[in-house]
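As structure tokens, the structure follows; a few thoughts come after it.
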There are 2 protein chains.
Amino acid sequence: MLADALSTKEKLMRAAVEIVAEDGFAAATTAAIAARAGVAEGTLYRHFAGKDELMIAAYRQLKSDIFAASTDTYDESAPFEARLAHLWRAVIDAYRRDRAGFRFGQRFGESALSAKEGGAAHEAMTGALTRLRDDARARGEVKDLPMELFIALFYAPAIALLKRELSGREWTDAELAKAAQAIWHSWRA
Amino acid sequence: MLADALSTKEKLMRAAVEIVAEDGFAAATTAAIAARAGVAEGTLYRHFAGKDELMIAAYRQLKSDIFAASTDTYDESAPFEARLAHLWRAVIDAYRRDRAGFRFGQRFGESALSAKEGGAAHEAMTGALTRLRDDARARGEVKDLPMELFIALFYAPAIALLKRELSGREWTDAELAKAAQAIWHSWRA
DNA sequence: GTCTATATTTGGATAGAC
DNA sequence: GTCTATCCAAATATAGAC
């Protein structure tokens with residue numbers, strides 16, 4: 001059962017996130033969610049129009065948390081490679097702080113519900129990445145590629161590494177630093 | 001309704017793949033699958049022990065199709081960058097030939113069923129990639145990284161690009177060639 | 001706002017005729 | 001092997017008391 005410090009609404013969202021993370025969407029019935037939140041099933045409908053709305057609300061909440069956690073300020077006057085490494089590691093760390101949330105996000109993204117919700121989970125950080133690319137481009141230090149491709153080269157391996165961590169593999173700081181460097185090499189002109 | 005050339009068993013698997021691809025796992029009820037396959041619901045149970053087994057069988061089928069399609073022979077004496085580019089493009093093309101299958105695979109991979117099934121979808125091609133890494137490593141042309149990291153740098157962007165194609169973006173041959181080159185740069189020492 | 005009890009629907013699976 | 005008809009369990013959602 002979830003901590004009393006949370007509001008009932010928050011407890012319900014957190015319960016949904018954890019059940020989906022552990023056992024998938026099929027296991028996240030209204031009965032299971034209410035039970036884990038420690039409230040009655042009927043109570044769910046006082047806070048959300050239905051199960052889908054609860055899931056979507058939980059996803060939005062998660063997205064904004066990750067956004068807040070991964071966009072700390074950093075030194076924009078540092079060398080480009082260091083800027084990329086900082087941002088990349090910040091993303092890894094933000095997701096690492098809430099692995100259930102990460103897993104929920106992955107599953108939600110592949111569910112039919114995500115169509116209702118709209119964009120990918122990454123829009124938030126795209127701004128910082130675009131600035132980095134533009135700055136580096138002005139100096140001729142990065143390739144001439146569509147921004148979408150830079151984004152894919154940046155995020156996709158991060159997500160893949162985080163997924164591996166869900167099944168046991170733990171990446172060391174040194175390995176992550178090398179990975180960030182490899183990604184910079186993929187960007188570099 | 002699916003073509004008569006397929007066996008009933010194949011029609012059921014294909015129907016499941018298409019429904020999951022279009023509308024997600026929640027929409028893939030036994031009734032919906034049977035209807036799309038053009039058979040009665042009860043018939044499903046003459047071919048599969050239950051819905052989960054049908055889904056798992058469909059996934060295994062898909063995996064072996066992709067394996068067959070993406071491991072054509074190629075010139076192992078070519079330069080390393082060309083070998084990587086060839087393999088990378090082969091993966092893209094294999095998935096492009098069956099987009100519904102690709103989408104099903106992504107969704108299946110995030111479902112709770114995938115735990116029963118076991119490994120990731122990529123094991124198949126890992127052999128060719130490992131050989132490439134080892135050959136290039138012997139000449140000092142690639143970084144010193146865990147194989148898992150090479151795999152992530154290779155596959156993750158390919159999957160990300162394919163996902164974008166599901167929502168409309170079409171990558172040109174030139175863009176894909178540049179992407180393959182960027183990935184080689186991430187591998188390169 | 002929350003609980004208990006319940007209505008309603010739908011889903012997975014089986015039985016038995018053909 | 002396939003169909004029709006049906007059972008049973010489970011899931012979403014609501015009603016009404018506290």
Side-chain angles (χ1 to χ4, degrees), chain A residues 1-59 61 104 107-108 111-117, chain B residues 1-59 61 104 107-108 111-117:
Chain A
M1 190 179 305
L2 293 161
D4 286 347
L6 299 173
S7 70
T8 296
K9 193 167 181 175
E10 288 167 329
K11 278 191 275 193
L12 285 164
M13 290 194 288
R14 192 64 208 168
V17 167
E18 289 175 3
I19 294 169
V20 170
E22 287 166 21
D23 299 312
F25 265 90
T29 63
T30 52
I33 294 166
R36 182 182 281 235
V39 301
E41 207 174 339
T43 301
L44 190 155
Y45 295 90
R46 293 281 153 190
H47 295 276
F48 302 96
K51 198 179 79 159
D52 288 1
E53 286 68 28
L54 160 54
M55 292 292 181
I56 291 169
Y59 182 69
Q61 178 69 46
F104 172 86
R107 289 186 155 164
F108 184 93
S111 79
L113 282 176
S114 71
K116 283 190 197 172
E117 204 280 331
Chain B
M1 189 180 303
L2 294 160
D4 286 347
L6 299 173
S7 70
T8 298
K9 192 167 182 175
E10 289 167 330
K11 278 191 274 193
L12 284 164
M13 291 194 287
R14 193 64 208 169
V17 167
E18 290 175 3
I19 294 169
V20 170
E22 286 166 22
D23 298 313
F25 264 90
T29 64
T30 51
I33 294 166
R36 181 182 280 236
V39 301
E41 205 174 342
T43 301
L44 189 155
Y45 295 91
R46 293 280 152 190
H47 295 276
F48 301 97
K51 197 180 79 158
D52 288 1
E53 286 68 28
L54 160 56
M55 291 293 181
I56 290 169
Y59 182 70
Q61 179 68 47
F104 172 85
R107 289 187 154 162
F108 184 93
S111 80
L113 281 177
S114 71
K116 282 190 197 172
E117 204 280 330

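Just so it is clear: chains get the letters A, B, ... in the order the sequence lines come, proteins before strands, and each one is counted from 1. Here the structure is a predicted model, which means the values were calculated and not measured.
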Between the protein and nucleotides 7-10 of chain C, which nitrogen or oxygen pairs are less than 3.5 angstrom apart?
none

Worksheet entry | Whole-Å gap separating C1' (dG1(D)) and CG (Leu6(B)) | 17 Å
Practice prompt. Determine, stepwise, if the pair Phe25(B) / Leu113(B) fulfils side chain to side chain contact (heavy atoms under 4.5 Å, CB included).
Written response: CA-CA 11 Å; Phe25(B) 264 90; Leu113(B) 281 177; 4.2 Å; yes
Worksheet item: Is the phosphate of dT2(D), meaning OP1 or OP2, less than 4.0 Å from a side-chain N or O of Thr8(B)?
Response: yes
Discussion item. Can a donor-acceptor pair be found, under 3.5 Å and without considering hydrogens, that links the side chain of Arg107(A) to the backbone of Val20(A)?
Written reply: yes
Practice prompt. In plain terms, say whether Glu22(A) and Arg36(A) are close enough for a salt bridge, that is, a side-chain N and a carboxylate O under 4.0 Å apart.
Written response: yes
Discussion item. Could you go through Ser7(B) and Glu10(B), starting from their C-alpha distance and side-chain angles, then the distance that decides it, and tell me whether this counts as side-chain hydrogen bond (donor to acceptor under 3.5 Å, both in side chains)?
Written reply: CA-CA 5 Å; Ser7(B) 70; Glu10(B) 289 167 330; 3.3 Å; yes
Discussion item. Please evaluate residues Leu54(B) and Ile33(B) with respect to the criterion side chain to side chain contact (heavy atoms under 4.5 Å, CB included), reporting the C-alpha separation (whole Å), side-chain torsions for both, the decisive distance (0.1 Å), and the verdict.
Written reply: CA-CA 10 Å; Leu54(B) 160 56; Ile33(B) 294 166; 4.0 Å; yes
Fill in: Any Leu12(A) side-chain heavy atom under 4.5 Å of Thr8(A) side chain
yes
Worksheet item: Are any of Thr30(B)'s side-chain N or O atoms less than 4.0 Å away from OP1 or OP2 of dG11(C)?
Response: no
Worksheet item: Going by number, which of residues 40-56 of chain A have a non-hydrogen atom under 4.0 Å from DNA chain C?
Response: Ala40(A), Thr43(A), Arg46(A), His47(A)
Practice prompt. Take atom NZ of Lys9(B) and atom C1' of dT2(D), then tell me their distance rounded to the nearest Å.
Written response: 16 Å
